[in-house]
Amino acid sequence: ASQLEVDLLDPKPGERVLDTCAAPGTKTAAIAERLNGAGHILALDRHPRRLHPVGRGVRRLGLAAVATLERDATKSLKDLLETGEFDRILIDAPCSGLGSLRRNPDARWRVRPEDFEALSKIQRAILESAASVLRPGGSLVYSTCTITPEENEDVIRGFMATRSQWQVAQREEAPAAIQKLIDDDGFLRLLPHRHGMDGFFAVRLIRST
């Protein structure tokens with residue numbers, strides 16, 4: 001399910017891409033393959049040990065133009081603008097992980113009711129930081145591997161409520177292969193009992209100006 005994030009992001013050769021929560025690097029590698037050596041990816045993670053598999057993976061696959069950087073994406077990223085704004089940004093946000101319960105049923109005992117509010121604050125902070133370095137006309141994909149509205153729709157609607165220059169990309173703007181998974185609100189939602197995959201949420205936001 002998580003690989004659909006890259007389909008929704010739809011990176012193109014020559015673009016500058018930011019992967020804010022990159023570890024372990026599977027999606028970073030998938031983006032690099034689409035850029036085909038023409039473009040640049042900056043992969044962030046707050047834990048240096050989690051960045052090691054990212055670099056190791058892209059080297060093993062022989063992928064070019066990928067740089068890694070230890071950063072906490074909940075903090076300001078505006079210093080990254082010294083080398084230019086980004087064309088596309090991927091946020092695979094830290095979340096409760098409840099979408100994977102069919103594979104990891106014990107995960108339910110690690111989540112407390114109060115965790116959802118704390119996680120939503122982290123998710124919103126990452127979204128705010130990343131949005132500040134996206135170029136006008138660029139695309140940002142926000143996604144989680146959970147199905148709770150507090151971590152998904154509520155985060156996006158809270159962000160959009162104060163930004164008239166941003167829009168949710170609609171179904172027909174997505175690649176044809178995934179359009180049927182996107183609802184009338186522009187949200188991509190997967191449910192295990194309907195789609196045979198982990199529970200998952202993603203949305204693509206467009207900055208118009």
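Because the structure is predicted, anything quoted here is derived from the model rather than measured.
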Specify whether F201 and F187 have parallel, tilted or perpendicular ring planes, treating 30° as the upper limit for parallel and 60° as the lower limit for perpendicular. tilted
Pair S143, E5 - check side chain to side chain donor-acceptor pair (under 3.5 Å), show working. CA-CA 7 Å; S143 67; E5 296 171 64; 2.6 Å; yes
Is there a donor-acceptor contact under 3.5 Å from the side chain of N104 to the main chain of D106? no
When you measure from the side chain of R102 to the backbone N and O of G196, does any donor-acceptor pair fall under 3.5 Å? yes
With no hydrogens and no angle check, do the side chains of T148 and E151 hold a donor and an acceptor under 3.5 Å apart? yes
If Ile, Leu, Val, Met, Phe, Trp and Tyr residues are connected whenever their side-chain heavy atoms lie under 4.5 Å apart, and connections chain through other members, are V58 and L35 in the same group? yes
For S120 and E150, does a side-chain donor sit closer than 3.5 Å to a side-chain acceptor? no
V133 with V141, same ILVMFWY side-chain cluster at under 4.5 Å: no
Please confirm whether the backbone N or O of L77 pairs with a side-chain atom of S129, one donor and one acceptor, at under 3.5 Å? no
Would you say the side chains of S100 and D198 form a donor-acceptor pair under 3.5 Å? no
Between R108 (side chain) and P105 (backbone), is there a donor-acceptor pair under 3.5 Å? yes
Charged N-O contact under 4.0 Å between R50 and E70: no
Hydrophobic cluster membership, L188 vs V6, 4.5 Å side-chain cutoff: yes
Donor-acceptor under 3.5 Å (D87 side chain, R16 main chain): yes
Heavy-atom pair of closest approach, residues A174 and I182: CB-CD1, 3.4 Å
Is Q123 reaching over with its side chain to a backbone N or O of A93, donor-acceptor style, under 3.5 angstrom? no
Is it the case that one hydrophobic cluster holds both Y142 and I178, taking links as side-chain heavy atoms less than 4.5 Å apart, direct or via other members? no
Hey, is the main chain of G138 close enough, under 3.5 Å, to the side chain of R88 for a donor-acceptor pair? no
May I have the step-by-step check of salt bridge (Lys or Arg N to Asp or Glu O under 4.0 Å) for D92 and K27, ending in yes or no? CA-CA 9 Å; D92 185 13; K27 288 175 284 296; 3.0 Å; yes
Closer than 4.0 angstrom, basic N to acidic O: yes or no for D185 and R157? yes
I'd like to know if the side chain of R204 and the backbone of V168 have a donor-acceptor N/O pair within less than 3.5 Å. no
Could you state whether M160 and L140 fall into the same hydrophobic cluster, counting links through intermediate Ile, Leu, Val, Met, Phe, Trp or Tyr residues with side-chain heavy atoms under 4.5 angstrom apart? yes
Are a donor atom and an acceptor atom from the side chains of R46 and T74 found within less than 3.5 Å of each other? no
So does R112 get a backbone contact from the side chain of D115, meaning a donor-acceptor N/O pair under 3.5 Å? yes
Test item: N152 side-chain N/O and T146 main-chain N/O as donor-acceptor pair under 3.5 Å: yes
